[in-house]
Every structure is written in C-alpha cells, then in structure tokens.
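Both counts, for ligands and for their atoms, begin at 1 and track the order of listing. Quick note: numbers below take in every heavy atom, side chains included, and nothing from hydrogens, waters or symmetry partners.
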Amino acid sequence: MARIAFIGLGNMGLPMARNLLKAGYTVSGFDLVQAVVTQLASEGARAATSARDAAQDADAVISMLPAGRQVEDLYLGEDGLLAALPAGRLVLDCSTIAPATARRVHRAAAAHGVAMLDAPVSGGTAGAASGSLTFMVGGATVTLEKARPILAAMGRNIFHAGFESAGQLAKLCNNLLLAVQMIGTAEAMALGTRCGLDADVLAEIMRQSSGGNWVLERYNPWPGVQANSPASHGYQPGFMAGLMAKDLGLVQETALQAGAATPMGSLALNLYRLLLQQGLGGQDFSAVQKLFIDQQ
Ligand code: NAD
C-alpha cells in the first residue's frame, strides 16, 4: 500500500486524509496549523514537521492548499518539493488554482520526472467527510490510472477532463455555475420571505419546481431551512466566501485570456467582493444571503 504525504489539512484536507487512513494508506500530514497535524496524528498519521519531511519516502504527494500562491511555493519555491522528490513519484494537487499556474507546476514536474495530475474537487466538506467527492482530473491517462485507487479512497466520481490543467478549467466552470445558483437562490428566498411567504414552504416549492438546483437540494442559504446547512450554523464554513471570491477571480482571468464573455461570473465576483468588504470572507459562501436581508 502506498505511502502518502498530505499537505494542507484544512476544512477539506483533514477529512480527505482521514479517508486515506481508513482505506489503509500510510499518511504523513503537514499543515502550518499545528492543531490539525496533531489531530490527524491522533487518528493514525505521522505528524510531519515540514512539507519536505512529509514527502520523504512518500510514493505520492497530495496538496489541498488555499490558492495558487501556496501551491507554487510548495512545489517550485526555495524549498520546493519537486527538487527533492525522486523521479517516478506521483503528485496530485487537489487545490483550486489558476489553470496557468497548474500548467507551470505540470511543466516543472515533467522536467523532474515526476508524474503529476491537477485534481480539484467538488462536493464540499460533506463530500470530503463521506468520501464521495467528485475529482476533475487533468493530465496523462497513464498517471490517472496510477492515481485512481488513491482518488477512489476519497471520492466517488473521477472524471478525466483531459490535458494538463483541464481539471482546473472544469472546476472553474463548475464554480461559476455554483456561485450563480447560490446568489439566485439567495435572491429568491429574500424576495419571497419579504413578501410574507414561509421560508420552508418556498424552499420546498422551488426545490421541486423548475427552479430546483443543487443549492436548494443541499445547501439552502436561508437560516433554519436545512438543519445541516452552514446557514443554520451561523454560516460557519463549509466553503469560505473568500475562497469563492478567489475562484470567481480565476474565472474572470481565464475568460479574459480565452476572449470569452462571462457577465454572470463578473456580477457574482462583484457581489462576493461586497461580502468580503463587509468582513465576511471567513464565513461560508452561502452568507451571500446577507446582502439580500435588511441588517437592522
Ligand atoms: P482551508 O483554508 O480550510 O484549508 C487550507 C489549509 O492549508 C489550511 O489548514 C492552511 O493552514 C493550510 N496551508 C496554507 N498554506 C500552507 C503551507 N504552505 N503548507 C502547509 N499548509 C498550508 O481551505 P479548504 O476549504 O480546505 O480549501 C482548500 C482548497 O480546496 C481551496 O483551493 C478551495 O478553493 C478548494 N475547495 C474547497 C471546498 C470547500 O467546500 N471547502 C470545496 C471544493 C474545493
């Protein structure tokens, strides 16, 4: 069974690493936050003191970091892992980052003889905990087949999106659509309740009608409608609004480079920026609901 170094044990990484342990993998975990490293160690992992320490002897490295800056630092920085990894090792970056950054890391990995996939995920923290994530993979088919058992320990659907960085491109398209669905749902919930409709009744009508969508099914932004949603728990993340704003920024960057029009994405980015300006970037992305509710 392969030995895995897991770098980035946050809202997503920690439950993903747990599922690798459950599947019988030997895991070394590293994060800048010591508490989560200690937590994973108490569940059977080795607590690493640095990313390089985690990666020594590892057959595969998985990274689940906030953004491209951290991913570039990890692999290409001064103490970068790619320079230290022996040829033939496997690198899976599951963070959501710019396709252009992913391509830079892919190129450097290839130059070091390291096989790499960009493998961002969908499914949120619930999917990470239950091992039912969707992986969107970019890179060589042969590398995907090598990585498949590892990905299968953390997810249910594994899609080969195509060439290097194709996973990131698919992920950005998905999150553009998710943001638009979230904002539209929040707007409709606010209008209906302002006009006197019961929030539960409205949510159920829309869920079962032509407005039905993933947000209404699993992630209603109106507090109290779904017992398990972040909205019903003070908008604790979940998926932070700041990360959604980052993804929507990447959507605009990508659209600009591709000459594509993404007006809904641009509006969504600006609404999330307003939320961040209110100091709510650390709350769940469903807190965009607050832009539509009177705050007095
Ligand atoms: P998070 O902020 O909860 O976790 C990131 C972790 O990385 C933190 O624990 C942080 O301390 C650690 N970290 C940062 N720099 C580091 C470094 N140099 N070395 C080691 N550890 C470092 O974020 P998250 O919600 O787990 O998201 C991670 C990635 O997954 C992001 O790219 C996000 O866009 C994507 N994502 C998140 C969700 C979700 O629902 N939360 C869903 C899909 C994709």
Side-chain angles (χ1 to χ4, degrees), residues 5-19 28-40 45 47-55 61-81 92-99 101-102 105 118-137 154-155 157 167-168 170-179 182 214-215 218-219 221 228-230 233 235-251 272 281-287:
F6 207 112
I7 318 293
L9 302 167
N11 289 325
M12 295 293 287
L14 183 61
M16 289 166 73
R18 271 190 188 123
N19 283 326
S28 300
F30 177 67
D31 194 290
L32 298 178
V33 177
Q34 185 56 40
V36 287
V37 178
T38 309
Q39 177 60 43
L40 191 67
T49 54
S50 66
R52 278 207 177 198
D53 176 38
V61 176
I62 301 180
S63 45
M64 193 50 168
L65 296 167
R69 186 166 49 85
Q70 290 88 0
V71 173
E72 272 197 298
D73 254 21
L74 174 69
Y75 292 112
L76 313 176
E78 219 171 284
D79 257 339
L81 283 190
L92 310 175
D93 179 43
C94 297
S95 331
T96 305
I97 65 173
T101 309
V105 182
D118 50 296
V121 305
S122 170
T125 48
S130 62
S132 61
L133 290 171
T134 294
F135 285 95
M136 308 168 198
V137 178
M154 301 180 286
N157 298 313
Q168 297 296 352
K171 171 67 185 172
L172 292 184
C173 294
N174 180 75
N175 274 22
L176 158 63
L177 184 55
L178 172 63
M182 178 55 81
W214 185 89
V215 170
R218 311 220 194 141
Y219 219 108
N228 292 332
S229 73
H233 297 275
Y235 293 103
Q236 230 180 297
F239 179 40
M240 281 183 273
L243 289 178
M244 179 52 101
K246 171 210 57 164
D247 291 356
L248 290 168
L250 296 178
V251 167
Y272 273 98
Q283 294 203 353
D284 188 75
F285 82 115
S286 55

Exercise for the section: For the pair K246 (side chain) and I97 (backbone), establish whether a donor and an acceptor sit closer than 3.5 Å, ignoring hydrogens and angles. Expected result: no

Exercise for the section: Can you sort out which atoms of ligand 1 are near K171, meaning under 4.0 Å from one of its heavy atoms? Expected result: 43 (C), 44 (C)

Practice task
May I ask you to check whether Y219 and F285 place their ring centres under 6.0 Å from each other?
Solution key: yes

Practice task
Look only at the side chain of D118 and the backbone of G167, and say whether a donor-acceptor pair between them is shorter than 3.5 Å.
Solution key: yes

Problem - Atom pair CZ (F239) and CE (M244), whose distance is rounded to the nearest 0.5 Å - result: 5.0 Å

Exercise for the section: Number the atoms of ligand 1 from 1 as they appear, then name those within less than 4.0 Å of a heavy atom of F30, with their elements. Expected result: 19 (N), 20 (C)

Handout entry: K171 side-chain N/O to V121 backbone N/O, donor-acceptor pair under 3.5 Å
Key = yes

Exercise for the section: For atom 26 (O) of ligand 1, grab the closest protein heavy atom and report residue, atom and distance to one decimal in Å. Expected result: M12 N, 2.9 Å

Problem - Which of the ligand 1 atoms, numbered from 1, are nearer than 4.0 Å to a heavy atom of K246 - result: 31 (C), 32 (O), 33 (C), 34 (O)

Handout entry: Atom indices of ligand 1 within 4.0 angstrom of V33 heavy atoms, with elements
Key = 11 (O)

Practice task
Could you list which atoms of ligand 1 come closer than 4.0 Å to a heavy atom of G124?
Solution key: 40 (O)

Practice task
Kindly confirm or rule out an N or O of S122 lying under 3.5 angstrom from an N or O of ligand 1.
Solution key: no

Problem - Check: P221 main-chain N/O paired with S286 side-chain donor or acceptor under 3.5 Å - result: no

Exercise for the section: Mark yes when over 12 heavy atoms from residues, nucleotides or ligands other than D53 sit less than 6.0 Å from its CG; otherwise mark no. Expected result: yes

Fill in the blank from the handout: Nearest non-hydrogen protein atom to atom 43 (C) of ligand 1, with distance, is V121 O, 3.4 Å

Practice task
Could you list which atoms of ligand 1 come closer than 4.0 Å to a heavy atom of Q70?
Solution key: 15 (N)

Practice task
Answer yes or no for A51: is there a heavy-atom contact with ligand 1 below 4.0 Å?
Solution key: no

Fill in the blank from the handout: protein heavy-atom neighbour closest to atom 10 (C) of ligand 1 works out as D31 OD1, 3.5 Å

Exercise for the section: Spell out, as yes or no, whether a donor-acceptor pair under 3.5 Å connects the side chain of E72 to the backbone of R69. Expected result: no

Handout entry: Protein heavy-atom partner closest to atom 28 (C) of ligand 1 - residue, atom, separation in Å
Key = L65 O, 3.7 Å

Practice task
Specify the protein heavy atom at minimum distance from atom 4 (O) of ligand 1: its residue, its atom name, and the distance to 0.1 Å.
Solution key: G10 CA, 3.2 Å

Fill in the blank from the handout: ligand 1 to F239, heavy atom cutoff 4.0 Å, flagged ligand atoms 34 (O), 37 (C), 38 (C), 39 (C), 40 (O), 41 (N)

Practice task
Give a yes or no on whether the backbone of G80 and the side-chain of R52 come within a donor-acceptor separation of less than 3.5 Å.
Solution key: yes

Practice task
Output yes when a side-chain donor or acceptor of D31 lies under 3.5 Å from a complementary backbone atom of V36, and no otherwise.
Solution key: no

Handout entry: Nearest non-hydrogen protein atom, atom 41 (N) of ligand 1
Key = G238 O, 3.1 Å

Handout entry: Heavy atom of the protein closest to atom 18 (N) of ligand 1 (residue, atom name, distance)
Key = L32 CD1, 4.0 Å

Handout entry: Q39 side chain vs L9 backbone, donor-acceptor pair below 3.5 Å
Key = no

Fill in the blank from the handout: Quick note on ligand 1: atoms under 4.0 Å from a heavy atom of M240 include exactly 2 (O)

Problem - Distance-only donor-acceptor check, side chains D93 and S63, under 3.5 Å - result: yes

Practice task
May I ask you to check whether S95 has an N/O atom sitting below 3.5 Å from an N/O atom of ligand 1?
Solution key: no

Practice task
Among all protein heavy atoms, pick the one closest to atom 35 (C) of ligand 1 and tell me residue, atom and distance.
Solution key: T96 OG1, 3.6 Å

